[in-house]
Amino acid sequence: MSALANKLMITEPDIQTPANTSDQRSQNAGLKVIVQTIREVAEGIREFTLVSADGSALPAFSGGSHIVVSMPSGTRIYRNAYSLLSPPQQRDHYRIAVRLQENSRGGSRFMHQEVKVGMALEVAWPLNLFALSRLARKQVLVAGGIGITPFMSQVQELLRQAQASQSAVLQTAGSKITPPDFELHYAYRSQDHAAYVPELQALLGDRLKCYDQSQGVTLDIRQLLAEQPLGTHVYTCGPEGMVQALLQSADELGWPPAHVHHEEFLAPPVGSPFTIKLASSQQEVQVGADQSMLEALEQAGVDAPYLCRGGACGRCELEVLSTDGTLEHHDHYLSAEEKRAGRKIMPCVSRARCDVIELNF
Amino acid sequence: MNKLDHIQAETAAFHHAPFNEETFRGDYSFHNSAKGIKRFPYPFEQDHYMYSVNIEPHQPGKPGAITEHAFDIDEHYVAECEDKRMTLEQDAGRYAALPHMMDAQWDFLELTMESLARDYPQYFSLLKDGERWTWHNSVLGISDSFIFGDASTLPMEPFEYMGRQTQGDFVLLDQREGTLFADAGFITSQADWSLAFDIGMSWHEWHGPVPQVDKMGIMDRALKFLMSLQQGKPVRRLNWTMTVNPRLDTSPEHYPEWGPDRLTVTAENAGQKAHLRVELQAMFRLPRSNAILFSIRCYLLSLEDMATQPKWIKRFHRVIRDLHPDLLEYKGIKVYHEPLLQWLAPHDDGAVLSEGAQLD
């Protein structure tokens with residue numbers, strides 16, 4: 001093992017900083033933003049432009065990043081993750097789009113009904129769990145409905161790379177530097193449900209392919225994947241059925257798993273109320289039917305770790321010591337084997353059907 | 001350009017005073033001032049060294065502390081930059097960056113330029129006019145205007161450009177396929193590892209072969225932790241070893257030049273020759289590239305200088321005396337352990353020392 005290895009391997013996943021110290025607070029301090037504009041971009045989809053409250057530049061980010069927006073509603077704080085739509089290098093504003101969820105637990109309803117122009121919000125620094133591979137020969141992006149959102153910043157990044165390569169080609173006069181080719185496939189129920197089509201058409205020209213289901217135009221995912229050259233990476237975001245179909249086709253066609261990327265929106269599902277018992281403090285926390293375990297812990301003042309709040313990143317993982325019921329895993333992080341073993345849970349999206357669950361925290 | 005004029009006028013005032021005239025090779029005239037000794041990141045909190053996971057948020061430390069700023073510039077700045085220049089001249093392979101790391105290179109340039117200009121306005125300034133940036137380093141006499149994002153407008157690649165002007169070593173890790181790849185590095189003061197060997201390797205490749213299976217779990221957890229590192233929340237830790245003579249470049253490539261020095265340590269000269277070497281390691285998530293910057297900043301302290309602080313030298317004696325043989329071997333101390341202890345023992349009266357690394 002090299003010494004570099006030794007340096008890096010000794011870091012541990014859990015930073016145990018005492019709760020409520022000033023350091024901890026400043027660590028978790030988010031970005032203060034003001035809602036500058038709100039507009040409808042499709043049926044039930046509202047776009048928010050956010051600028052920093054003190055006029056300073058917002059952090060740059062990479063294509064596919066999201067922010068977590070904190071929404072104080074009465075005694076509760078909802079925290080939902082939304083993809084950034086603005087160009088990654090644009091530091092004077094962020095744009096997000098929120099679809100009103102039919103069975104909203106509060107987050108999207110709050111954004112649609114409570115948030116007004118001029119309102120102050122707190123958002124976390126950008127985080128990317130859906131990054132573009134930098135070594136792909138070709139990038140194929142597949143969006144369904146509101147799943148277009150993470151691709152808005154990705155296409156900007158890909159266009160910028162293509163332009164940079166273009167000027168490099170001109171400068172080196174004849175040497176072969178070809179930018180990775182990319183295309184965006186966008187399927188939606190109807191024109192009314194399709195956000196950003198004109199904007200994307202203007203940006204992408206024939207790199208954009210639209211599939212309007214109301215006009216009978218459907219996307220054949222299997223065929224799309226079958227005709228891609230070796231070295232292609234595919235990225236998908238959209239309804240679960242579409243994502244699953246793509247993953248299955250890719251698997252059947254023998255795509256390397258590292259070339260297949262997906263992001264699903266996960267909101268914590270509702271369930272029945274139960275009680276969390278924390279082993280270290282013996283504290284008991286009630287989880288409401290429409291509350292996630294993580295939200296309940298936070299409401300009780302417990303400083304539990306988290307990052308993405310969507311079951312993807314793994315940071316909030318907690319150890320299950322016992323339960324008198326069954327775990328309902330909803331995350332994309334734990335392996336099937338880990339889920340079966342029932343020793344770990346991701347409290348941001350998963351819950352339990354039980355009276356009491358004891359956690360090692 | 002008022003700001004630049006102002007800085008140039010000020011340059012003369014601190015051109016000599018704050019930076020040591022010294023070398024990290026040849027006559028080894030490296031030395032710490034009294035202030036430099038007091039701000040040394042002494043790592044031992046107790047009389048017995050126990051390996052601990054000492055990772056913490058890279059938050060601003062107290063004024064004057066080495067952690068006050070994201071990148072510490074100290075009295076060794078000029079000499080260290082000169083030493084980097086010499087090492088690169090001998091061996092250009094100490095700097096390497098794979099082509100897909102260009103966004104990460106610009107992220108690195110932005111982070112270091114913005115940090116240095118904000119934290120040390122008396123030495124550095126950065127003016128931005130849209131994408132046209134003007135960087136002025138009044139200490140090294142460097143001034144360049146360039147287009148951010150266009151590498152052809154800089155005299156060299158952005159990572160090398162600022163790597164030469166910032167103390168420490170740097171690795172850029174690309175995150176893909178569920179792991180991290182060491183795809184760019186600027187390594188001129190490394191304690192015994194080789195960039196040429198590690199470049200392009202993935203996490204598990206550069207960690208292998210691992211003899212004990214249980215270490216795999218540690219590595220997987222560490223990887224998971226780093227992969228979810230967030231922008232705006234850098235972390236740091238201290239690591240320590242010992243170096244004979246105040247040499248920055250203790251690379252495997254140059255082992256014949258420094259390895260045998262370990263045999264020259266005697267009970268008489270250990271105070272001048274043996275140095276405690278502490279690395280401040282920090283990790284930052286970079287914005288545009290989603291890469292991770294791993295910075296390794298090296299601090300050296302001779303035992304003679306350490307002895308000006310009785311608590312530190314007494315504790316160091318106990319730590320070295322009782323260090324596990326495996327660690328003595330690993331840190332390269334074993335061959336001169338005996339003369340080292342002979343020098344240290346008279347400095348330790350056995351008094352009870354306060355907990356923590358701070359000076360009393």
Side-chain angles (χ1 to χ4, degrees), chain A residues 1-17 22-24 26-31 59-65 88-89 91 124-129 131-136 157 160-161 164 167-168 171-172 177 233 256-259 305 307-308 313-315 317 333, chain B residues 51 53 55-57 59 100-103 107 110 149-150 152 171 173-178 180 182-183 190-195 197-198 203 206-211 215 218-219 221-228 230-233 235 237 239 279 281 283 285-290 294 296 330:
Chain A
M1 176 165 45
S2 76
L4 169 63
N6 186 271
K7 285 175 202 319
L8 287 167
M9 69 171 278
I10 13 201
T11 55
E12 276 275 312
D14 33 11
I15 299 181
Q16 298 287 358
T17 13
S22 60
D23 263 8
Q24 180 73 12
S26 60
Q27 271 285 296
N28 281 335
L31 306 163
F61 57 94
S62 47
S65 294
Q89 63 275 24
R91 296 178 63 179
W125 285 60
L127 177 69
N128 199 346
L129 299 171
L132 292 161
S133 167
R134 288 171 183 276
L135 293 180
E157 182 168 315
R160 184 176 57 82
Q161 283 170 10
S167 63
Q171 275 157 18
T172 51
I177 306 169
H233 282 240
H259 288 204
L307 260 187
C308 76
C313 78
R315 174 59 78 83
E317 176 182 307
Y333 183 77
Chain B
Y51 174 75
V53 180
I55 192 159
E56 61 180 358
Q59 290 293 106
H100 62 276
M101 298 305 280
M102 195 46 89
D103 278 346
D107 279 336
E110 177 186 57
D150 182 352
S152 70
V171 184
L173 305 165
D174 188 32
Q175 182 162 332
R176 61 177 191 272
E177 296 170 20
L180 296 167
D183 282 348
Q190 259 321 299
D192 209 7
W193 66 277
S194 166
L195 177 66
F197 185 73
D198 283 343
W203 181 261
W206 86 64
H207 284 95
V210 181
K215 277 196 180 160
I218 297 173
M219 277 166 39
R221 287 212 306 281
L223 175 62
K224 252 192 208 173
F225 170 73
L226 281 182
M227 297 227 316
S228 63
Q230 272 180 293
Q231 223 200 124
K233 295 186 182 178
V235 296
R237 67 182 293 267
N239 193 23
E279 290 174 348
Q281 305 174 350
M283 280 147 268
R285 171 71 67 188
L286 298 175
R288 295 169 190 76
S289 57
N290 202 39
F294 180 47
I296 308 121
Y330 178 70

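What you see is a predicted model, and the numbers here were worked out from it, not measured in a lab. The sequence lines fix the lettering, A, B, ..., with proteins before strands; numbering per chain opens at 1.
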*asked:* Is any side-chain heavy atom of A/R134 closer than 4.5 Å to one of B/S289?
replied: yes

*Interatomic spacing from CD in A/Q161 to CE in B/M102 - rounded to 0.5 Å*: 12.5 Å

*Under 4.5 Å heavy-atom distance to chain B, tell me which part of A/P88 shows up: side chain, backbone, both or neither.*
neither

*asked:* Is A/A60 close to chain B through its backbone or its side chain, or both, or neither, when contacts mean heavy atoms under 4.5 Å?
replied: both

*What part of B/D174 gets closer than 4.5 Å to chain A, counting heavy atoms only: side chain, backbone, both or neither?*
side chain

*Not counting sequence neighbours, which residues clear salt bridge (Lys or Arg N to Asp or Glu O under 4.0 Å) with B/D183? List them please.*
B/R176

*Tell me, do A/R160 and B/D103 make a side-chain contact under 4.5 Å, heavy atoms counted?*
yes

*For B/H100, ring pair (Phe, Tyr, Trp, His ring centres under 6.0 Å) partners two or more places apart*: none

_Could you measure the distance from the CD atom of A/E157 to the CZ atom of B/R288? Nearest 0.5 Å is fine._
10.5 Å

*So which part of B/Q175 gets closer than 4.5 Å to some heavy atom of chain A, the side chain, the backbone, both or neither?*
neither

*Spacing of CG belonging to A/L127 relative to CZ belonging to B/R285, to within rounding of 0.5 Å*: 7.5 Å

*Spacing of A/W125 atom CH2 and B/Q230 atom CD [to the nearest 0.5 Å]*: 10.0 Å

